[in-house]
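Let me begin by presenting the structure, written as structure tokens, before commenting on it.
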Protein chains: 2
Amino acid sequence: MTTEELKTYLPEFTDPRLLETLLEKGQVMNLEPGKVLMEPGKFVKMVPIVLEGSIKVMRMDEDGKELFLYYLDAGETCALSLTCCSAARPSEIKAVVEEPTTIIAIPVSLHEQLTDEFKQWKDFVSETYQSRFHEMLVALDAVAFKRMDERLMRYIVTKMKQHKTNELNTTHQEIANELGTSREVISRLLKQLEKKKWIELGRNVIYIRDDFEELISK
Amino acid sequence: MTTEELKTYLPEFTDPRLLETLLEKGQVMNLEPGKVLMEPGKFVKMVPIVLEGSIKVMRMDEDGKELFLYYLDAGETCALSLTCCSAARPSEIKAVVEEPTTIIAIPVSLHEQLTDEFKQWKDFVSETYQSRFHEMLVALDAVAFKRMDERLMRYIVTKMKQHKTNELNTTHQEIANELGTSREVISRLLKQLEKKKWIELGRNVIYIRDDFEELISK
DNA sequence: TTCCTAATGTGATAAAAATCACATAAGACC
DNA sequence: GGTCTTATGTGATTTTTATCACATTAGGAA
């Protein structure tokens with residue numbers, strides 16, 4: 001990959017020396033759906049910056065129950081990998097690839113150095129912390145203040161926007177896992193949405209009708 | 001206040017120039033319990049570093065419902081004020097003083113400058129992000145994965161340790177607010193804890209028996 | 001002391017979620 | 001087509017939490 005190419009992925013980095021350094025020391029990787037980038041307890045050895053595609057970030061509790069937190073989109077990185085690695089602490093979250101994704105993996109040691117040397121990197125890190133904090137608060141709001149029906153609707157819209165489709169290929173069980181509830185609850189709530197003509201259900205698929213998104217955005 | 005004094009509060013800052021700059025540009029303030037330092041929607045104009053005492057940080061939803069997040073203790077600062085102010089965004093949280101507290105308020109503009117100039121400040125900011133992120137995850141775990149009885153017990157222990165006492169002066173209503181539930185729920189759960197001989201209830205007071213903390217720490 | 005207010009106690013009921021227990025269906029594979 | 005696995009549908013029940021409706025009480029103020 002050339003610095004010019006990298007620049008198109010990360011337009012906020014215009015400093016040629018920063019781009020060169022990233023390319024030289026970082027490693028561009030193509031990841032397939034299903035790839036687990038980070039798991040609770042494992043040590044983080046690199047900071048992944050998403051160039052194309054996205055990475056799903058989840059929290060897990062002791063008994064393996066999951067909770068969807070947010071997506072890392074193109075141009076974003078994981079605040080937790082920034083903090084975990086600089087303190088040499090194990091990961092507190094799980095990161096999974098859901099669609100074909102390209103990242104550039106920055107070694108932990110380089111991150112420290114970049115922070116000292118490049119204002120654009122420092123701003124990038126600051127921006128990352130800010131947006132991840134915000135996403136965490138959104139996730140917290142959902143579990144603290146919203147009922148499951150609303151959480152499910154938001155979840156569907158999030159996935160829709162994320163994958164730029166009105167057709168989700170997933171199972172009720174998987175949704176239940178990501179929302180930290182049981183399959184039956186999700187099945188029943190989805191049925192309700194279908195009755196309201198907002199979605200249509202098939203095996204392994206949920207079609208989202210056009211009126212649904214309008215309804216949510218209000 | 002002298003730089004020597006400031007150093008005793010913030011032992012990780014040994015650089016005399018950093019300490020001088022903080023004292024010169026920052027403002028030491030004594031805050032009384034009840035003082036609201038930050039509110040959702042208001043703009044943040046300074047970064048408060050706690051020197052003595054503590055600050056309670058809470059999330060609020062649209063209808064004013066609250067949720068306790070964590071305490072900022074001596075030597076700590078608010079990650080959200082760091083992010084909010086550098087982006088000139090309104091606060092997403094509420095910060096309240098619960099015990100007599102001394103802070104040093106650093107102007108937003110200075111923070112940027114300090115980051116460039118002092119490695120110790122940079123590390124401090126990084127450490128802050130890290131610990132606040134961790135606290136957020138702990139708060140998230142509670143609402144996502146724990147039942148109210150366990151959340152209440154953890155809440156009591158947290159307050160106990162925070163105020164270094166085995167006697168909490170608070171009302172059931174206040175606890176309910178901070179845990180995002182209703183007063184009746186808390187009253188009933190407290191009664192259960194009393195029946196188990198872990199606490200004793202009075203008007204405006206909860207005495208925590210010695211066996212309780214042992215029980216929790218396991 | 002008496003009165004008043006805020007705090008607490010508690011039954012009854014409703015609502016939301018979780019769990020159990022199957023029935024049914026859809027699609028893969030032979 | 002038949003068989004099998006996995007996904008979905010759904011009733012019944014339980015658990016947890018929320019809400020409503022009061023009774024009771026503690027402690028401050030007059």
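Labels below follow one simple rule: chain letters A, B, ... track the order of the sequence lines, proteins then strands, and each chain is numbered from 1.
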Checklist entry - Is there a donor in the side chain of E99(B) and an acceptor in the side chain of S54(B), or the other way round, less than 3.5 Å apart? => result yes
Checklist entry - If you count the non-hydrogen atoms of other residues, nucleotides and ligands that lie under 6.0 Å from NZ in K42(B), is the total more than 12? => result no
Next on the checklist: Could you tell me how far apart I186(A) (CD1) and dA16(C) (P) are, to the nearest whole angstrom?
Outcome noted: 15 Å
Checklist entry - Are M38(A) and L80(A) side-chain neighbours, meaning at least one heavy-atom pair lies under 4.5 Å? => result no
Next on the checklist: From C-beta outward on K191(B), which listed nucleotide comes closest to its side chain: dC20(C), dG9(C), dG11(C)?
Outcome noted: dG9(C)
Next on the checklist: Should the side chain of R203(B) and the base of dA6(C) be counted as holding a donor-acceptor pair, with the cut-off at 3.5 Å?
Outcome noted: yes
Checklist entry - Are any of the side-chain nitrogens in D149(B) or R147(B) under 4.0 Å away from the carboxylate oxygens of its partner? => result yes
Checklist outcome for this item: Numerically ordered, the residues 59-69 of chain B set in heavy-atom contact under 4.0 Å with DNA chain C is none
Next on the checklist: By the 4.0 Å heavy-atom rule, please label D149(B) as base, sugar-phosphate, or nothing.
Outcome noted: nothing
Checklist entry - Given M148(A) and L189(A), is the side chain to side chain contact (heavy atoms under 4.5 Å, CB included) satisfied, shown in steps? => result CA-CA 8 Å; M148(A) 195 52 79; L189(A) 290 174; 3.6 Å; yes
Item to check | Pairwise 5' ranking along DNA chain C for R147(A) and N204(B), keeping only the more 5' one | outcome: N204(B)
Next on the checklist: Strictly distance-based, threshold 3.5 Å: is any side-chain N or O of R59(B) a donor or acceptor partner for the main-chain N or O of E92(B)?
Outcome noted: yes
Checklist entry - Would E184(B) and R188(B) pass as an ion pair if we require N to O under 4.0 Å? => result no
Checklist outcome for this item: When rounded to whole Å, the CZ to C1' distance for the pair R183(B) and dG9(C) reads 7 Å
Checklist outcome for this item: R188(B) CZ to dT13(C) C1', in whole Å, measures 11 Å
Checklist entry - How long is the line joining CG of L201(A) and P of dA26(C), in whole Å? => result 13 Å
Item to check | Pairing of E62(A) and K146(B) as salt bridge, 4.0 angstrom limit | outcome: yes
Next on the checklist: Under 4.0 Å from a heavy atom of chain A: give me the 5'-most and 3'-most nucleotides of DNA chain D that qualify.
Outcome noted: dT6(D) to dA12(D)
Checklist entry - Salt-bridged, E66(B) to K56(B), with N to O below 4.0 Å? => result no
Item to check | Residues N30(B), E52(B); criterion side-chain hydrogen bond (donor to acceptor under 3.5 Å, both in side chains); working and verdict | outcome: CA-CA 9 Å; N30(B) 292 304; E52(B) 267 188 310; over 6 Å; no
Next on the checklist: Distance check needed: dA26(C) C1' versus I206(A) CD1, whole Å only.
Outcome noted: 16 Å
Item to check | Short side-chain to backbone donor-acceptor contact, E194(B) and L201(B), under 3.5 Å | outcome: yes
Checklist outcome for this item: Q192(B) atom CD is separated from dG9(C) atom P, nearest whole Å, by 13 Å
Next on the checklist: I want to confirm an ordering. Mapping K195(A) and E184(B) to their closest nucleotides on DNA chain D, which one lands closer to the 5' end?
Outcome noted: K195(A)
Checklist entry - Using a distance-only test with no angle check, is there a side-chain donor-acceptor pair under 3.5 angstrom linking R183(B) and S187(B)? => result yes
Checklist entry - Under a 4.0 Å heavy-atom cut-off, which of residues 168-179 of chain B touch DNA chain D? => result none
Item to check | Nucleotide dA17(C), atom C1' - distance to CG of L152(A) in whole Å | outcome: 14 Å
